[in-house]
Amino acid sequence: MEKHSVIVWFRRDLRVADNPALAEAAAAGAVVPVYIWSPEEDGEWAPGDAARWWLARSLEALGRDLQRRGGRLIVRRGPSLDALRELTQETGARGVYWNRLYEPAAIARDKKVERELVRDGLEVKTFNASLLIEPDELRTKQGGVYRVFTPFWRAVMERVGECNFEFQSKLKFELRTENALRGENVNIPCRFEPKRPADWIPGEAGAKKQLDRFIKNHLENYPVGRDRPDWDGTSRLSPHLHFGEIGPRQVVGRVCDPALNPGVGSQARPTTAFIRQLVWREFAHYLLFHFPNTPAEPLRPEFGKFEWKMDKRKFEAWKQGRTGYPIVDAGMRQLIETGWMHNRVRMIVASFLVKDLMIPWQAGARYFWETLVDADLANNTLGWQWVAGCGADAAPFFRIYNPGLQAKKFDPDGEYARRWAGAEIKPIVDHRAAAMAAMAAYRRFKRG
């Protein structure tokens with residue numbers, strides 16, 4: 001078969017290993033790697049400030065990786081279709097390959113781009129690089145969409161089997177990025193800068209290093225450690241997974257490989273607990289794919305009539321970590337200073353916002369979107385709707401986290417609170433009274 005140049009359109013798959021679009025393009029001919037900055041194509045969910053900080057550094061890392069292979073990453077400004085058309089004319093490329101995204105705006109944009117490029121006579125191929133199983137591949141026995149996690153988990157594990165994944169860990173390819181090809185000095189605007197180092201290393205090498213560190217030091221105690229913000233017991237892979245610096249198949253294959261991970265086997269409780277969290281990520285993308293309106297609207301439509309109360313003063317106090325509840329304030333200040341927050345604490349601060357303050361979950365979701373380096377539309381939507389009781393398999397509304405009891409259970413010595421919260425201040429609400437008011441509102445909602 002005659003070989004020719006193929007454009008690989010990088011998006012949130014900023015890696016070389018286990019990159020199906022790149023592997024297929026390498027087999028077809030010389031690779032023209034391009035990233036297109038086009039935030040307006042994401043609609044109202046363009047990358048937030050902290051995510052842009054990570055993205056810029058991840059692109060730099062990918063660019064260095066490609067430079068070491070004798071080429072360079074071409075970065076262009078959108079619109080994406082225009083940029084791709086220009087590049088095909090400049091290179092004579094006969095194909096454009098990319099890995100699929102699953103957010104509503106991205107799906108609509110990609111369909112249009114594919115349709116127009118095919119009309120231009122180009123070969124278009126798309127692949128799955130970010131999920132174990134794509135959202136349109138799983139249905140209930142009745143043909144419906146899963147809304148409860150446990151049967152979804154079972155269905156995924158039946159498909160995944162014994163964690164055997166085949167992918168290219170070392171890929172050889174020819175890069176076609178002659179100096180004549182125009183690359184733009186694209187500015188990705190960002191006001192965020194971590195105030196405290198969080199040991200982040202954006203990029204594929206940083207993702208691999210973080211996974212190895214987690215397996216070596218924390219996987220064995222993961223079922224307990226994942227809930228302790230005073231420990232360093234989570235994987236901290238979420239931004240790496242979001243930007244595709246590592247793929248879930250790589251992660252599962254690595255933690256299940258007895259040769260690479262002899263301490264914890266594939267059937268051991270810690271490994272299962274960790275993979276379960278990866279499947280929660282799959283569940284989030286599955287729900288967003290099938291219910292594309294959920295970033296702004298509750299999956300359970302009746303919650304659209306719930307009597308939330310937007311109090312701007314209290315909302316600002318929550319954002320600034322000045323609620324008077326140490327574990328809540330610690331989480332919010334960790335977010336401000338590092339762009340990340342421990343997952344257990346995310347649930348605590350979210351519950352405080354929607355149930356103690358009765359502020360709509362959408363306001364909290366939007367703030368997280370702007371301030372998290374791992375801001376992911378699917379994960380963010382599932383998490384906030386779960387806490388608010390209005391999503392799939394959600395915690396019931398009457399499950400109201402007591403911030404004091406949560407602190408005693410998961411930060412028993414107060415180490416996490418001391419590290420991040422600073423001096424204690426007077427609480428902006430009384431939790432007991434706030435919980436009673438929330439339950440009264442819930443009872444009125446149920447009657448209504």
Side-chain angles (χ1 to χ4, degrees), residues 4-16 19-47 51-52 55 58-59 62-63 66 71-131 134-137 173 175-177 181-184 186-188 242-244 247 285 288-290 292-293 295 376-378:
H4 52 82
S5 295
V6 176
I7 294 170
V8 174
W9 179 17
F10 282 91
R11 292 105 71 78
R12 290 204 308 275
D13 50 352
L14 305 180
R15 66 182 188 270
V16 172
N19 188 318
L22 181 58
E24 190 76 8
V31 174
V32 181
V34 60
Y35 181 86
I36 303 168
W37 172 241
S38 52
E40 65 282 348
E41 294 176 356
D42 293 312
E44 62 178 314
W45 297 104
R52 291 197 297 270
L55 172 62
S58 186
L59 288 172
L62 178 61
L66 294 175
R72 65 188 175 93
L73 176 67
I74 300 168
V75 180
R76 297 269 173 106
R77 187 65 173 86
S80 296
L81 178 59
D82 294 346
L84 291 169
R85 276 175 162 162
E86 288 177 3
L87 202 54
T88 58
Q89 292 173 1
E90 294 170 23
T91 63
R94 290 165 52 184
V96 181
Y97 297 177
W98 66 77
N99 295 309
R100 291 184 283 274
L101 298 173
Y102 303 95
E103 292 80 8
I107 291 172
R109 185 267 317 276
D110 290 356
K111 284 181 178 179
K112 177 184 176 181
V113 170
E114 180 175 5
R115 181 176 64 250
E116 294 301 318
L117 292 179
V118 169
R119 284 179 180 173
D120 292 346
L122 294 164
E123 177 188 48
V124 175
K125 289 187 178 182
T126 69
F127 307 87
N128 169 30
S130 62
L131 297 173
E134 291 192 280
D136 57 353
E137 294 181 4
F173 53 90
L175 285 164
R176 167 120 187 256
T177 52
L181 290 179
R182 177 175 58 87
E184 296 178 358
V186 175
N187 177 41
I188 299 178
H242 173 72
F243 287 99
H285 285 82
L288 180 61
F289 178 85
H290 289 287
N293 295 327
D376 182 280
L377 190 59

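No hydrogens, no waters, no symmetry mates; every other heavy atom, side chains included, goes into these values. Quick caveat, the model's predicted, so the values are computed rather than measured.
Side chain to side chain, S5 and T91 fail the donor-acceptor criterion of an N or O pair below 3.5 Å.
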Please step through side-chain contact (heavy atoms from CB on, under 4.5 Å) for the pair V124 and E114, ending with a clear verdict. CA-CA 7 Å; V124 175; E114 180 175 5; 3.6 Å; yes

I'd like to know whether V8 forms a side-chain contact (heavy atoms from CB on, under 4.5 Å) with V34, so could you lay out the CA-CA distance, the side-chain angles of the two residues, the decisive distance to 0.1 Å, and finally the verdict. CA-CA 6 Å; V8 174; V34 60; over 6 Å; no

F243/D13 under side-chain contact (heavy atoms from CB on, under 4.5 Å): CA gap, chis, key distance, verdict: CA-CA 6 Å; F243 287 99; D13 50 352; over 6 Å; no

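Contact between G95 and L122 at its shortest, heavy atoms only, is N-CD2, 4.2 Å. The two residues P39 and P47 have their closest heavy-atom pair at CB-CD, 4.2 Å. Of all heavy-atom pairs spanning P79 and E41, the tightest one is CA-OE2, 3.3 Å. Between R15 and L62, the shortest heavy-atom contact is N-CD1, 4.3 Å. Annotation for G63 and L73: closest pair CA-CB, 4.1 Å, computed over non-hydrogen atoms. The two atoms that bring A21 and Y97 nearest to each other are O-CD1, 3.8 Å, heavy atoms only.
Residues V6 and V31 form no side-chain contact, since every pair of their non-hydrogen atoms from C-beta on lies 4.5 Å or further apart. F289 places none of its side-chain heavy atoms less than 4.5 Å from the side chain of P104. Taking 4.5 Å as the limit, some side-chain heavy atom of N128 sits within range of a side-chain heavy atom of E134. Within the 4.5 Å cutoff, side-chain heavy atoms of L117 are placed close to those of L84. With a 4.5 Å cut-off on side-chain heavy atoms, V96 and T88 count as touching. At a threshold of 4.5 Å between non-hydrogen side-chain atoms, the residues L59 and F10 do not count as touching. Looking at heavy atoms from C-beta onward, N19 lies in side-chain contact with N99 at the 4.5 angstrom threshold.
By the 6.0 Å and 45° rule, R100 does not stack over the aromatic ring of W98.
Every residue two or more places apart in sequence or in another chain was checked for a ring-ring contact (aromatic ring centres under 6.0 Å, His included) with W37, and none qualifies. By the side chain to side chain donor-acceptor pair (under 3.5 Å) test, R85 is found to be paired with E116, D120, residues two or more places apart in sequence or in another chain being considered.
Considering CD1 of I188 and CG of L55, their distance stands at 4.0 Å, rounded to 0.5 Å. Note that CZ of R11 and CG of L101 are 4.0 Å apart. Values are rounded to the nearest 0.5 Å. Taking OH of Y35 as the start and CZ of R77 as the end, the distance is 10.0 Å to the nearest 0.5 Å. Atom CG in D110 sits 11.0 Å away from atom CG in L81 (nearest 0.5 Å). Taken to the nearest 0.5 Å, the CD atom of E40 stands 8.5 Å off from the CG atom of D42. Here the straight-line distance linking atom CD of E24 with atom NZ of K125 works out to 4.0 Å at 0.5 Å rounding.
Tested against E103, the residues R109, R12, H285 include a single side chain to side chain donor-acceptor pair (under 3.5 Å) partner, R12.
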